[in-house]
Amino acid sequence: MARFSVSIEGASMLYTLPYNNSDPETFLESFEPYKANIHSFYFSFPGLFLTHNPTRDSAEERLGKDTNTYRFLEMINRRYKSVLCINTLVYPGDLKEITYKIIREMTVLVEQFGLTAVNVASPTLAEVIHRYFPMVDIQTSCNTYSYITNMYRFWNEKFGSTVFNLPREALRTPWLLDQFRGTGFVSKCIVNEGCLYGCPGNIEHACSFVIPNSAVCLFCDRNDFHLSDVFKTNFVPPHRIGEFEGKIDIAKIAGRYFETERILKIFLAYLNQDPEAEIWTLMHARTRRWLKENKLNFPAKAWPKKTLICECKECSTCNVCRKAMEHVVERSGVAVEELTMPI
């Protein structure tokens with residue numbers, strides 16, 4: 001496989017941040033002081049390119065409906081990289097129809113608004129975009145679950161991809177990060193999504209976060225989970241992000257539907273490696289709801305250190321997560337009998 005020296009060698013970790021469809025002037029003003037630390041902004045169009053209906057309205061029809069996003073793209077053109085997220089996995093209609101609609105949508109986004117990249121889950125969609133818009137950088141979504149060298153080779157040879165969103169579990173499996181570094185490509189990893197490590201429903205309910213009125217995925221609401229399972233997630237505490245310098249190139253902050261102030265707080269917590277940042281602010285996952293329901297908020301420094309390299313193989317004998325949660329409950333002042341879940 002040809003090696004591509006495209007990693008951001010010698011630079012501090014960069015961040016890709018979500019745009020939340022809010023007023024673009026106010027949004028960008030909040031992040032302008034930290035421009036040197038921002039690799040790109042990623043965004044989506046509500047109702048457009050969604051998992052089960054990627055082509056609800058045409059771009060022309062949406063110009064009057066979603067002016068914030070179009071204004072945002074105009075404002076960041078040539079100032080920041082822009083990445084359209086299309087986590088599309090299932091398509092209505094046949095491929096010919098989809099191809100026509102993708103061409104119609106992408107033409108407006110690329111020619112009028114300077115779109116520079118798409119983040120896709122489907123090789124089928126990537127092939128269509130690459131064929132008609134070769135100037136657009138095709139990046140893989142973490143929902144592609146690309147985790148072996150042959151997968152990277154395929155995406156690079158077929159679509160020119162050099163930037164890969166690694167599986168959410170990559171941050172808990174050092175061998176996966178080391179394997180990727182050997183390819184010479186650029187890595188992105190979500191750092192504040194707290195879904196359970198190895199959760200079999202991860203892709204399903206991760207996509208549901210960004211799809212209004214989607215079917216509710218109940219896997220992470222099962223009543224046999226324990227509060228201490230919160231620590232068995234893919235979440236990286238901000239004060240430990242420095243441990244990934246040289247291992248990942250771009251840290252991705254999840255939260256397209258967060259308010260601007262919260263996105264900024266999360267970003268600055270990671271940028272400043274703040275051990276006092278509170279979990280309720282940082283985490284993007286249903287596991288966060290477990291904590292809120294039980295009134296358990298705590299600083300990131302309370303996160304057990306072992307979890308970043310633990311693959312949850314020794315849970316029956318380890319008890320690190322349980323002991324950490326017992327300490328959190330004790331410090332919170334919440335009576336054990338008032339908890340809605342066992343520790």
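Just so it is clear, the structure is predicted and the values come from calculations on it, not from any experiment.
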(request) If you link ILVMFWY side chains whenever their heavy atoms are less than 4.5 Å apart, which other residues fall into the same cluster as Tyr42? By chain and number, please. (result) Val83
(message) Would Glu127 and Phe159 count as a side-chain contact (heavy atoms from CB on, under 4.5 Å) here? Give the steps.
(response) CA-CA 7 Å; Glu127 186 168 29; Phe159 315 125; 3.6 Å; yes
(request) Give me the ring orientation class for Phe31 and Phe267: parallel if the planes are under 30° apart, tilted from 30 to 60°, perpendicular past 60°. (result) tilted
(message) Over 60° means perpendicular and under 30° means parallel, so tell me whether Phe180 and Phe185 are parallel, tilted or perpendicular.
(response) tilted
Nearest 0.5 Å, what's the [atom1]-[atom2] distance between [X] and [Y]?
| X | Y | atom1 | atom2 | answer |
| --- | --- | --- | --- | --- |
| Gln139 | Trp155 | CD | CH2 | 11.0 Å |
| His39 | Asp249 | NE2 | CG | 8.5 Å |
| Arg288 | Glu293 | CZ | CD | 11.5 Å |
| Tyr19 | Leu17 | OH | CG | 13.5 Å |
| Phe133 | Ile103 | CZ | CD1 | 6.0 Å |

Contacts of [X] that satisfy salt bridge (charged side-chain N to carboxylate O under 4.0 Å, His left out) - sequence neighbours left out:
| X | result |
| --- | --- |
| Arg240 | Glu243 |
| Asp229 | Lys232 |
| Glu111 | none |
| Lys188 | none |

Can you confirm whether the side chains of [X] and [Y] place a donor and an acceptor under 3.5 Å from each other?
| X | Y | value |
| --- | --- | --- |
| Arg168 | Asn143 | yes |
| Asn150 | Arg153 | yes |
| Arg256 | Ser44 | yes |
| Thr287 | Thr233 | no |
| Thr69 | Asn21 | yes |

(message) Going by ring-ring contact (aromatic ring centres under 6.0 Å, His included), name the pairs with one or both residues in residues 317-343, residues two or more places apart or in two chains.
(response)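 Residue pairs passing ring-ring contact (aromatic ring centres under 6.0 Å, His included), neighbours aside: none found.
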(request) Return each pair, listed once, that meets ring-ring contact (aromatic ring centres under 6.0 Å, His included) where at least one residue sits in residues 291-322; pairs must be two or more places apart or across chains. (result)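 Counting only pairs at least two positions apart or across chains, the ring-ring contact (aromatic ring centres under 6.0 Å, His included) contacts touching residues 291-322 are Phe231-Phe298, Phe231-Trp303, Phe235-Trp303.
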State plainly whether one hydrophobic cluster holds both [X] and [Y], where clusters connect Ile, Leu, Val, Met, Phe, Trp and Tyr through side-chain heavy atoms under 4.5 angstrom apart.
| X | Y | answer |
| --- | --- | --- |
| Ile309 | Phe244 | no |
| Leu177 | Tyr197 | no |
| Ile190 | Val118 | no |
| Met75 | Val108 | yes |

Side-chain donor-acceptor pairs of residues 336-343 under 3.5 Å, sequence neighbours excluded:
from: Thr340; atom 1: OG1; to: Asn294; atom 2: OD1; distance (Å): 3.1
from: Thr340; atom 1: OG1; to: Asn294; atom 2: ND2; distance (Å): 3.1

(message) Tell me every residue that passes side-chain contact (heavy atoms from CB on, under 4.5 Å) with Ser82, counting only those two or more places apart in sequence or in another chain.
(response)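 Residues passing side-chain contact (heavy atoms from CB on, under 4.5 Å) with Ser82: Phe43, Leu73, Ile76, Leu115, Thr116.
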May I ask you to test the [X]-[Y] pair for a side-chain heavy-atom distance under 4.5 Å?
| X | Y | value |
| --- | --- | --- |
| Cys195 | Arg286 | no |
| His130 | Lys158 | no |
| Ile129 | Ile138 | yes |
| Leu166 | Cys142 | no |
| His284 | Phe258 | yes |
| Cys189 | Ile250 | no |
| Leu264 | Glu261 | no |
| Thr107 | Gln112 | no |

(request) Show your working on side-chain hydrogen bond (donor to acceptor under 3.5 Å, both in side chains) between Ser40 and Thr16 and close with a plain yes or no. (result) CA-CA 5 Å; Ser40 55; Thr16 184; 2.9 Å; yes
(request) I would like to know whether Arg172 and Asn234 meet side-chain contact (heavy atoms from CB on, under 4.5 Å); could you show each step before the answer? (result) CA-CA 7 Å; Arg172 294 281 303 275; Asn234 300 310; 4.0 Å; yes
Atom pairs and distances, side-chain donor-acceptor, residues 274-282, under 3.5 Å, sequence neighbours left out:
from: Asp274; atom 1: OD1; to: Glu276; atom 2: N; distance (Å): 2.9
from: Glu276; atom 1: OE2; to: Lys301; atom 2: NZ; distance (Å): 2.7
from: Glu278; atom 1: OE1; to: Asn297; atom 2: ND2; distance (Å): 3.0
from: Trp280; atom 1: NE1; to: Leu296; atom 2: O; distance (Å): 3.0

Donor-acceptor contact below 3.5 Å, side chain [X] vs main chain [Y]:
| X | Y | value |
| --- | --- | --- |
| Thr140 | Phe164 | no |
| Ser122 | Leu125 | yes |
| Asn20 | Tyr257 | no |
| Asn156 | Ser161 | yes |

(request) Please assess Ser30 against Thr260 for the test side-chain hydrogen bond (donor to acceptor under 3.5 Å, both in side chains), listing each intermediate value before the final yes or no. (result) CA-CA 8 Å; Ser30 299; Thr260 300; 5.9 Å; no
(message) Looking at Tyr100, I'd like to know if its OH atom is crowded, meaning that more than 12 non-hydrogen atoms belonging to other residues, nucleotides or ligands lie closer than 6.0 Å.
(response)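 Not more than 12 within 6.0 Å, no.
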(message) Is it true that, when you exclude Ile148 itself, more than 12 heavy atoms of the residues, nucleotides or ligands shown sit nearer than 6.0 Å to its CD1?
(response) yes
Result block: side-chain N/O donor-acceptor pairs under 3.5 angstrom for residues 311-326, not counting sequence neighbours:
from: Thr317; atom 1: OG1; to: Glu314; atom 2: O; distance (Å): 3.2
from: Arg322; atom 1: NE; to: Glu326; atom 2: OE2; distance (Å): 3.2

(message) Checking Ile38 against Phe41 for the side-chain contact (heavy atoms from CB on, under 4.5 Å) test, could you report, in this order, the C-alpha distance in whole Å, the side-chain angles of both residues, the deciding distance, and whether it holds?
(response) CA-CA 8 Å; Ile38 299 173; Phe41 287 100; 4.0 Å; yes
(message) Does Asn119 form a side-chain hydrogen bond (donor to acceptor under 3.5 Å, both in side chains) with Ser141? I'd like the steps, not just the answer.
(response) CA-CA 5 Å; Asn119 179 32; Ser141 165; 4.6 Å; no
(request) Among residues two or more places apart or on two chains, list those pairs meeting salt bridge (charged side-chain N to carboxylate O under 4.0 Å, His left out) that have a residue in residues 15-41. (result) Asp23-Arg71, Glu25-Arg71, Glu32-Arg79
(request) Compute the ring centroids of Phe72 and Phe113, then answer whether they are less than 6.0 Å apart. (result) no
(message) For Tyr15 together with Tyr34, are the ring centres under 6.0 Å from each other?
(response)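 No, ring centres 6.0 Å or more apart.
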